[in-house]
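The next block holds one structure in the form of structure tokens; read it before the comments.
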Amino acid sequence: MTTLIRAQGPRELLAYVPYRLGYRPQDSVVLVGLRPPRGRIGLVVRVDVGDVADLEHGPQLARSVVGHLSADGAERVVLVVYTDAPLRSGGVEAAVARAAVEHCREAVEPHHGPVDVWVVAPSGWYALDCVADECCPPGGRPLRELESSEVGAHMVLAGAALADSREEALRIPRAGADERRRAARAARRVRDRARGGGPTDAWGDPDPVARRAESLAEWRAAVARAAQHERDRAGAQAPDAPTGAGLPPATVLGRLAAGLEAVPVRDAVLVSLVPGTGDLADRTVRGGDVDAGTARAIASIVDPAAGLAPDPAVTGPARTVLEAVVAHAPRGSTAPALTLLALVAWWHGDGGRAGRRLDEALAEDPTYRLALLLSSALDAGVPPGWIRADV
């Protein structure tokens, strides 16, 4: 189920932004698009203070970000500055942060009108332009007000967690050595069968169509398991479930990693994330509709004429399983899973996460075609189709 968040006041907005990003920002300017009706929070974009403060490139970066917010249908834009610099006094750090704010204001105001600027500092939170001590005292209002807000309480009860940094939020922790070894052995058995060697056991004769169908079936079972775990947590039926609960065993994750190396399986997984595709994933693994199925699914993600928004109830569990595959698979074998994770992140408008996953995928396989195509779209600043379709 998707949680609808509206900007009902600065306190709730500032409480929500870190949860939207997944971590507590530092030295950052966050631009929040507010969409009609009634200030619904849309696209949220974070940039480094130093990058957007740069005299030569900062204004262009700000205009580029605002272009994405406009494409998302933003009616108004709010700036949130996360900094240790004392913006109400002098100093070099304060001057840099103020330059970042001015570049953003100059980019936003011609299209979206006056901009509210809020500052979140270690000492507290305040409106940058407010001079009333009773509203915004010199050190700012206590940060605990944000933690105890309605939005903050809702996110905590929903099981949302905040990383301490962007690096931590984007990192996929490696599984333990024993788990990785079990996954690697399972993956080798799949590859041996694909080459016609080794035991056939539950996978039967070395039949590529049968193997691909089995991979898709294991994928679906793993995603269904992860989805059920998320529903249980949301219903408070298993609030204290241990780490790894809801994930398949390491052997299944190893088989999934090997299965995704087959392009029809990878494309069937991609198709399975798109609403309304029916049995297209099954036909894709059988090989009859590989190109047509992939083209149709990618068009639903990329093309504004056919653009569909992602369904978090589908993409959330899928991301959980794909990250588990990456965590368990040997290095050098995760380009397919990493590329699918990048696609999911980009589809959700999370360009930073998508870029990180693509960098990791291309570091493993610099020639991986789907990763190269998606990287080109990211470099060109192309948003997913559903965002452009809403303009």
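For clarity, every value in this text was computed on a predicted model and none was experimentally measured.
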| field | Intermediate values then yes/no, side chain to side chain contact (heavy atoms under 4.5 Å, CB included), Glu230 and Thr320 | value | CA-CA 10 Å; Glu230 289 187 8; Thr320 297; 3.6 Å; yes

Is it true that a side-chain atom of [X] and a backbone atom of [Y] form a donor plus acceptor pair closer than 3.5 Å?
X: Thr339; Y: Ala335; result: yes
X: Asp279; Y: Asp282; result: no
X: Ser28; Y: Gln26; result: yes
X: Trp347; Y: Leu308; result: yes
X: Arg255; Y: Ala186; result: no
X: Asp48; Y: Gly50; result: no
X: His103; Y: Val52; result: yes
X: His112; Y: Val108; result: no
X: Ser272; Y: Val269; result: yes

| field | side chain to side chain contact (heavy atoms under 4.5 Å, CB included) evaluation trace for Arg369 with Val263 | value | CA-CA 11 Å; Arg369 188 167 178 268; Val263 171; over 6 Å; no

For the pair [X] and [Y], find out whether any cationic side-chain nitrogen is under 4.0 Å from an anionic carboxylate oxygen.
X: Glu214; Y: Arg211; result: no
X: Glu168; Y: Arg171; result: no
X: Asp359; Y: Arg356; result: no
X: Arg319; Y: Glu323; result: yes

Hey, could you give me the [atom1]/[atom2] distance between [X] and [Y], rounded to the nearest 0.5 Å?
X: Ser123; Y: Arg141; atom1: OG; atom2: CZ; result: 13.0 Å
X: Leu216; Y: Thr284; atom1: CG; atom2: OG1; result: 9.0 Å
X: Trp125; Y: Cys136; atom1: CH2; atom2: SG; result: 7.0 Å
X: Ser375; Y: Trp346; atom1: OG; atom2: CH2; result: 12.5 Å
X: Leu358; Y: Leu374; atom1: CG; atom2: CG; result: 4.5 Å
X: Thr334; Y: His328; atom1: OG1; atom2: NE2; result: 13.5 Å

| field | Under the salt bridge (charged side-chain N to carboxylate O under 4.0 Å, His left out) test, residues paired with Asp350 that sit two or more places apart | value |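 So Asp350 forms a salt bridge (charged side-chain N to carboxylate O under 4.0 Å, His left out) with Arg353.
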
Nearest atoms (heavy-atom pairs only) where [X] meets [Y]:
X: Leu280; Y: Val271; value: CB-CG1, 3.8 Å
X: Ala337; Y: Val325; value: CB-CG1, 4.1 Å
X: Leu260; Y: Leu340; value: CD2-CD1, 4.0 Å
X: Gly22; Y: Ala169; value: O-CB, 3.8 Å
X: Gly39; Y: Leu34; value: O-CD2, 4.0 Å
X: Leu143; Y: Pro122; value: CD1-O, 3.8 Å

| request: Any chance you could lay out the side chain to side chain contact (heavy atoms under 4.5 Å, CB included) test for Cys104 and Val29, step after step, and finish with the verdict? | output: CA-CA 9 Å; Cys104 290; Val29 177; 4.0 Å; yes

| said: I'd like to check the ring-ring contact (aromatic ring centres under 6.0 Å, His included) partners of Trp219; sequence neighbours left out, ordered by chain and number. | reply: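 ring-ring contact (aromatic ring centres under 6.0 Å, His included) check on Trp219 returns nothing, list empty.
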
Pairs of donor and acceptor atoms involving the side chains of residues 78-87, under 3.5 Å and at least two apart or interchain, shall be tabulated with distances.
from  : atom 1 : to    : atom 2 : distance (Å)
Thr83 : OG1    : Ala85 : N      : 2.9

| query | Is it true that the side chains of Arg225 and Gln228 contain a donor and an acceptor less than 3.5 Å apart? | reply |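 Side-chain D/A pair, Arg225 to Gln228: absent.
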
| field | With sequence neighbours excluded, residues passing side-chain hydrogen bond (donor to acceptor under 3.5 Å, both in side chains) with Arg331 | value |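 Partners of Arg331 under the side-chain hydrogen bond (donor to acceptor under 3.5 Å, both in side chains) test: none.
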
| Of all residues at least two apart in sequence or in a different chain, which pass the side-chain hydrogen bond (donor to acceptor under 3.5 Å, both in side chains) check with Thr367? |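 Result, side-chain hydrogen bond (donor to acceptor under 3.5 Å, both in side chains) vs Thr367: Asp365.
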
Between [X] and [Y], is any pair of side-chain heavy atoms under 4.5 Å apart?
X: Val190; Y: Glu261; value: no
X: Pro10; Y: Asp116; value: no
X: Arg11; Y: Leu146; value: yes
X: Pro312; Y: His348; value: yes
X: Val77; Y: Val66; value: no
X: Val17; Y: Ile41; value: no
X: Leu128; Y: Arg98; value: yes
X: Arg220; Y: Val223; value: no

| request: Give the other cluster members for Leu362, using side-chain heavy-atom distances under 4.5 Å between Ile, Leu, Val, Met, Phe, Trp and Tyr residues; answer none if it is isolated. | output: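 Leu372, which link up through side-chain heavy atoms under 4.5 Å apart, make up the rest of the cluster.
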
| message | Set out, in order, the CA-CA distance, both residues' side-chain angles and the distance that settles side chain to side chain contact (heavy atoms under 4.5 Å, CB included) for Gln60 and Arg63, then state yes or no. | response | CA-CA 5 Å; Gln60 177 55 45; Arg63 288 193 293 270; 3.1 Å; yes

| field | Same apolar cluster (I L V M F W Y, side chains within < 4.5 Å links), Leu170/Leu341 | value |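 No, separate clusters.
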
